[in-house]
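Each chain gets a letter, A, B and so on, in the order the sequences are listed, and its residues count up from 1.
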There are 2 protein chains.
Amino acid sequence: MSEVRVLIADDQKVVRDGLATLLDLLDGITVVGTAHDGDDAVRQALTLDPDIVLMDLHMPNCSGVEATEQLAAAGARCRVVVLTTYSDDDWVFAALRAGARGFLTKDSSAEEIRTALITVSRGDAQLDPTVQRRLLEALSRSGASPELPVSIPDNLTPREVAVLRLIAAGRSNSEIADELYVSDATVKTHVNHVLAKTAARDRAQLVAYAFRHGLATP
Amino acid sequence: MSEVRVLIADDQKVVRDGLATLLDLLDGITVVGTAHDGDDAVRQALTLDPDIVLMDLHMPNCSGVEATEQLAAAGARCRVVVLTTYSDDDWVFAALRAGARGFLTKDSSAEEIRTALITVSRGDAQLDPTVQRRLLEALSRSGASPELPVSIPDNLTPREVAVLRLIAAGRSNSEIADELYVSDATVKTHVNHVLAKTAARDRAQLVAYAFRHGLATP
DNA sequence: CGCGCTCTCCACCTCAGGGTTGACTTTGAT
DNA sequence: ATCAAAGTCAACCCTGAGGTGGAGAGCGCG
């Protein structure tokens, strides 16, 4: 895997330079620049095109949250990882809603930072455990099921819908068989029925069908 | 720090016993029992009073989700960590809403499992990075930002993106070849590159990937 | 009761899709 | 001028997916 290119944004010079030195020594990480406030971070991110902006939240002129919003608005390719002092900061959720994909506290070890940067550069997310807990609590409180009312489409039987969902989740026939506790042959039968009913030609078209009918969530 | 007492619930005996042996060797972890389905897990959790129940999602009789709900309803002290094969399972959110505090996939290392168990036993949460990302996406969707910045994903070249879009549109390789005025061989090359870069296994997974990255619209 | 629907399973066949390797050209950056 | 990346194409192999046809079990309904 190639190096992860990181831009560091922090208003305190010692922190900035310390981090730059520390991270540059890590395997798989290259520091491509540093910024001293939010405006500077946005400007440099757009010119340097880093993979990750490692962003402090509290900065003069333009906070890390605002900078994150501006980067998203500008359609920048880079992903934002927040690095701040406290995990119970009021701005945590604001930063996450603005599009931050990572959240670290300043007592993280270099190794933890490295792991987070690589995880986020792969497209996943890496948050401080306390923040993860707060996210879960928010999920439970809101009760907000991110799932929409699903119209069970066409003449699909419940079993066929189950198979279709698993196809949309990228499963192979044999994996579906394992999960539903039936034989491969049965799965193939269901798949053929679903193909016929939905007028799809192959499972790739079935995946698209599933997304269009809310059986899978983007 | 004292030992974290763990109950393991999995319907496959080999997995169950393997995990028990593996985890018992880890520093700070003690396996206090195993269960073969959801009912069994609830029953044993209430008598053994473990710190953590390490729970598979897919189990006969009573799924991991149901078991998690029942433990919460019974006011059990223990916390639930889900350990399952796929991070994009439909039941992930259901499990988290039911109260699961951890989420691991079965290709985690022993060390990762140990870290998660200890983190969760401290009261925090530890989720698979892919699940964290999905949580963030749910947060964004439920919140304000209606438009997701069409991030041109991973390292895909323009040509590869074009091929990916056509795959998501349900085209076969030869149809794509016709539309792009190139040979079938060329299309296959591009497809293989896209598969490698996106870590997808087949075109069905590519379709899902395309929808998740805004390259195709529901 | 017979009828239809659903779910389960088997056997056989074909082929598009995917893996691998290698080669040639163009383009742009150093 | 050299190097790397992107795009184009070809030949090979192999597996999973999809097509066809059939069969038995359980269920609800007129």
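- Among the protein residues, B/Asp202 comes within range of the sugar-phosphate backbone only, with heavy atoms under 4.0 Å from sugar or phosphate atoms but none that close to a base.
- The residue among B/Asp184 and B/Lys188 whose nearest nucleotide of DNA chain D lies closer to the 5′ end is B/Asp184.
- In terms of modelled atom types and a separation under 3.5 Å, the side chain of A/Gln132 and the main chain of B/Leu127 share a donor-acceptor contact.
- Within the structure, a side-chain polar atom (N or O) of B/Asn173 is placed less than 4.0 Å from OP1 or OP2 of C/dG17.
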(request) Give the intermediate values and the outcome of side-chain contact (heavy atoms from CB on, under 4.5 Å) for residues B/Val53 and B/Leu71. (result) CA-CA 10 Å; B/Val53 181; B/Leu71 284 173; 4.2 Å; yes
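- Contact annotation: side chain of A/Thr189 to base of C/dC9, donor-acceptor pair present below 3.5 Å.
- Set against C/dC7, C/dT8, D/dG18, the side chain of A/Thr186 has C/dT8 as its closest nucleotide.
- Nearest nucleotide to the A/Leu195 side chain, out of D/dC9, D/dG19, C/dG17: D/dG19.
- Heavy-atom nearest nucleotides on DNA chain C were determined for B/Arg201 and for A/Glu160, and the one closer to the 5' end corresponds to A/Glu160.
- In this structure, the CD1 atom of A/Ile176 is 11 Å from the C1' atom of D/dA17, given to the nearest Å.
- Between B/Tyr181 atom OH and D/dC9 atom C1' the separation is 19 Å, expressed in whole Å.
- Under the 30°/60° scheme for interplanar angles, the aromatic rings of A/His193 and A/His190 are found to stand perpendicular.
- Look at B/Glu175 and A/Arg201 and you find a salt bridge, because one of the NZ, NE, NH1 or NH2 atoms lies within 4.0 Å of a carboxylate O, short of that distance.
- Across the protein-nucleic acid pair, B/Glu175 atom CD and C/dA16 atom P stand 11 Å apart, rounded to whole Å.
- At least one side-chain nitrogen or oxygen of B/Ser183 sits closer than 4.0 Å to the OP1 or OP2 atom of D/dC9.
- An OP1 or OP2 oxygen of C/dT6 is reached within less than 4.0 angstrom by no side-chain nitrogen or oxygen of A/Thr157.
- For the pair A/His193 and C/dT6, the criterion of a side-chain N or O lying under 4.0 Å from OP1 or OP2 is not met.
- Distances from the side chain of A/Asn192 to the nucleotides D/dT20, C/dG17, D/dA10 place D/dT20 closest.
- In B/Tyr181, the OH atom is not crowded: 12 or fewer heavy atoms of neighbouring residues, nucleotides or ligands sit closer than 6.0 Å.
- Nearest nucleotide to the B/Val182 side chain, out of D/dG18, C/dT8, D/dT8: D/dT8.
- Taking atom CG of residue B/Leu206 and atom C1' of nucleotide C/dG17, one finds them 12 Å apart after rounding to whole Å.
- Taking only side-chain atoms of B/His190, from C-beta outward, the nucleotide of D/dT8, C/dT8, C/dG19 with the closest atom is D/dT8.
- Phosphate contact (OP1/OP2 of C/dG18, side-chain N/O of B/Arg203, threshold under 4.0 Å): present.
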